[in-house]
Amino acid sequence: MPNAFTPPWWAKSPHVQTILPVFTKVAKPVLERQRLELPDGDFIDLDWQATPKVGKPIVVIIHGLEGSAQSHYARRILQACKTQGLAAVVHHHRSCSGEANRLARSYHSGDTDDLQFSLSLLQQTYPQSPLLAVGYSLGGNVLTKYQGEYQDQSLLTRAVVVSAPLQLSACAKRLEHGFSKVYQSHLIKQLQHKVNQKLTDPDLASAMPLTPAQVTNLNTFYDFDDKVTAPLHGFLGVEDYYTRASGLTYVNRITKPTLILHALDDPFMTDEVIPHPSQISEHVEYELHAHGGHVGFIEGGAPWKPRYYLERRILDFLLANDASSAP
């Protein structure tokens, strides 16, 4: 592991690493929204920071579960891109840009179709600009799967994956225990709220597989994915979804330069997300750190003004070597 990361003494706890960034003030970026109409009648939104310059890279940001361009990590990487004069765009998953999507279905951990749609449009619109991407948490799993599925046909020149739940079943079980249940509860409430909103629409309610009363009882990711995510997105059940959507089996298929970052103390993960050396493609650089929490990686500063490893490492990797030339 060529890049060392060491947390300060006050941020060695995985929960400090995970929670403090959420409550640390980051400047709100000035963004311009672009709506993409999808072939199935739904839409996704792209939030742009700066207009791409001819021949210069575009950094595509893929947020995590219930995240958006306003998530702490998205704000920070947008800020870092602005400092370096890079155009950056946030690819929002369906229903995550502040407006409910039109269909009963939403998004999931293995949905690479919408990402491919966004990237194809970007390539067509800016054919001289290399596309670089960073995916966080769920977005990192989507990005890993995308890279492994499309291989040489990936529209990305380089990619970085941060804190991805590459083994979905193991991560769902991890979040049912200890303090990790706090994270699960927070996210499940947001998901329940979105489902209940759709159940108030007669046109969507008929396509939903359950009632408001049943939604209230879905208090774990396993149950939610079994009763909502899997049936709405064409999976046979939760195990079929976790098996087919997990990014781990795609790591050894990747043929474009990709960096994957994990922390051993990530409260969303277990060791099952860590690929065995035989599962790592020669085109993948894998970093496993002892500390870092979930999308944390605070490396210094002070509790009221932390300094992060992520933005520096992400951009160093994305801009290395051949990133200045189109794929």
Side-chain angles (χ1 to χ4, degrees), residues 1-6 14 17-18 60 62-65 73 108-112 115 132-154 156-175 177 180 183 221-222 225 235 238-297 309-310 313-314 316-318 320-321:
M1 189 173 65
N3 292 275
F5 161 74
T6 304
Q17 287 279 349
T18 302
V60 182
I62 309 157
H63 64 78
L65 183 68
Y73 51 84
H108 63 82
S109 298
D111 186 0
T112 56
L115 178 59
L132 314 173
V134 53
Y136 299 86
S137 195
L138 176 147
N141 187 79
V142 172
L143 181 54
T144 302
K145 185 168 177 279
Y146 174 82
Q147 290 288 79
E149 278 183 345
Y150 284 86
Q151 299 181 310
D152 288 342
Q153 300 306 309
S154 165
L156 299 169
T157 300
R158 299 174 77 83
V160 177
V161 172
V162 180
S163 299
L166 299 179
Q167 223 293 359
L168 295 171
S169 179
C171 294
K173 292 173 184 174
R174 173 71 176 88
L175 286 160
H177 301 285
S180 296
Y183 305 118
F221 279 115
Y222 188 92
D225 289 336
F235 296 98
V238 65
E239 294 300 340
D240 182 48
Y241 164 51
Y242 287 160
T243 299
R244 291 167 56 190
S246 292
L248 188 62
T249 57
Y250 293 88
V251 175
N252 66 354
R253 307 181 197 179
I254 294 173
T255 60
K256 294 287 189 76
T258 301
L259 169 66
I260 299 177
L261 287 160
H262 273 143
L264 270 172
D265 66 354
D266 190 326
F268 283 60
M269 313 284 172
T270 75
D271 289 355
E272 290 185 54
V273 306
I274 302 170
H276 185 272
S278 64
Q279 295 176 292
I280 301 174
S281 159
E282 63 179 324
H283 303 281
V284 171
E285 190 169 329
Y286 185 73
E287 284 189 20
L288 178 62
H289 298 277
H291 303 282
H294 188 69
V295 196
F297 296 94
Y309 172 75
L310 282 180
R313 181 68 181 112
I314 289 166
D316 280 353
F317 184 84
L318 291 180
N321 303 324

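Hydrogens, waters and symmetry mates are skipped; everything else that's a heavy atom, side chains included, is used.
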J.: Begin with the C-alpha distance, continue with both residues' side-chain angles, and end with the deciding distance and a verdict on side chain to side chain contact (heavy atoms under 4.5 Å, CB included) for Leu248 and Gln279.
T.: CA-CA 8 Å; Leu248 188 62; Gln279 295 176 292; 4.0 Å; yes
J.: Just wondering, do Leu132 and Val60 contact through their side chains at under 4.5 Å, heavy atoms?
T.: no
J.: Of the non-hydrogen atoms in Phe268 and Asp266, which two are nearest, and what is the gap between them?
T.: N-OD1, 2.8 Å
J.: Using every non-hydrogen atom in the two residues, find where Leu138 and Leu65 come nearest and quote the distance to one decimal.
T.: CB-N, 3.7 Å
J.: When you look at Tyr136 and His63, which way does the ring pair (Phe, Tyr, Trp, His ring centres under 6.0 Å) test go after all the steps?
T.: CA-CA 5 Å; Tyr136 299 86; His63 64 78; 9.6 Å; no
J.: Counting C-beta onward and ignoring hydrogens, is there a side-chain heavy-atom pair between Tyr183 and Thr18 closer than 4.5 Å?
T.: yes
J.: Is it the case that the side chains of Tyr222 and Glu239 hold a donor-acceptor pair, with the cut-off being a distance below 3.5 Å and no angle test?
T.: yes
J.: What are the two closest heavy atoms between Leu143 and Val160, and how far apart are they?
T.: CD2-O, 3.3 Å
J.: Assess the side chains of His283 and Ser281: does a donor N or O sit below 3.5 Å from an acceptor N or O?
T.: no
J.: Testing the basics here: between Gly293 and Ser163, what is the closest heavy-atom pair and its distance to 0.1 Å?
T.: O-OG, 4.2 Å
J.: Decide side chain to side chain contact (heavy atoms under 4.5 Å, CB included) for Ser169 and Gln167; before the verdict, give the C-alpha distance in whole Å, the side-chain angles of both, and the deciding distance to 0.1 Å.
T.: CA-CA 6 Å; Ser169 179; Gln167 223 293 359; 3.6 Å; yes
J.: Scan residues 138-151 for pairs that pass side-chain hydrogen bond (donor to acceptor under 3.5 Å, both in side chains), counting only residues two or more places apart or in two chains.
T.: Thr112-Glu149, Gln116-Tyr146, Lys145-Glu149, Gln147-Ser154, Gln147-Thr258
J.: Please report the interatomic distance CG(Leu168) to OG(Ser246), rounded to the nearest 0.5 Å.
T.: 3.5 Å
J.: Just wondering, do Ile62 and Leu115 contact through their side chains at under 4.5 Å, heavy atoms?
T.: yes
J.: Side-chain contact test, heavy atoms from C-beta onward, threshold under 4.5 Å: evaluate it for Leu310 versus Val162 and give yes or no.
T.: yes
J.: Output the distance between atom CD1 (Ile280) and atom CD1 (Ile254), rounded to the nearest 0.5 Å.
T.: 10.0 Å
J.: Under 6.0 Å between ring centres, would you say that holds for His262 and Tyr286?
T.: yes
J.: Of all heavy-atom pairs between Ala170 and Thr270, which one has the smallest distance, and what is that distance?
T.: CB-OG1, 3.6 Å
J.: What orientation do His289 and Phe5 show, parallel under 30°, tilted 30 to 60°, or perpendicular over 60°?
T.: perpendicular
J.: Do Val134 and Tyr73 have side-chain heavy atoms sitting under 4.5 Å apart?
T.: no
J.: In the structure I gave you, are the side-chain heavy atoms of Pro14 and His291 within less than 4.5 Å of one another anywhere?
T.: no
J.: Kindly compute the distance separating CD1 (Ile274) from CG (Leu264), expressed to the nearest 0.5 Å.
T.: 5.0 Å
J.: Going through the checks in order, is the salt bridge (Lys or Arg N to Asp or Glu O under 4.0 Å) test met by Glu287 and Arg313?
T.: CA-CA 11 Å; Glu287 284 189 20; Arg313 181 68 181 112; 2.6 Å; yes
J.: Do Tyr241 and Ser109 have side chains that get closer than 4.5 Å, going by heavy atoms?
T.: yes
J.: Is it possible for you to check whether Arg158 lies under 6.0 Å from the centre of the six-membered ring of Phe317, through NZ or CZ, and within 45° of that ring's axis?
T.: yes
J.: For Ser137 versus His294, what's the shortest heavy-atom pair and its separation?
T.: OG-NE2, 2.8 Å
J.: Contact between Tyr242 and Phe235 at the side-chain level, heavy atoms closer than 4.5 Å - yes or no?
T.: no
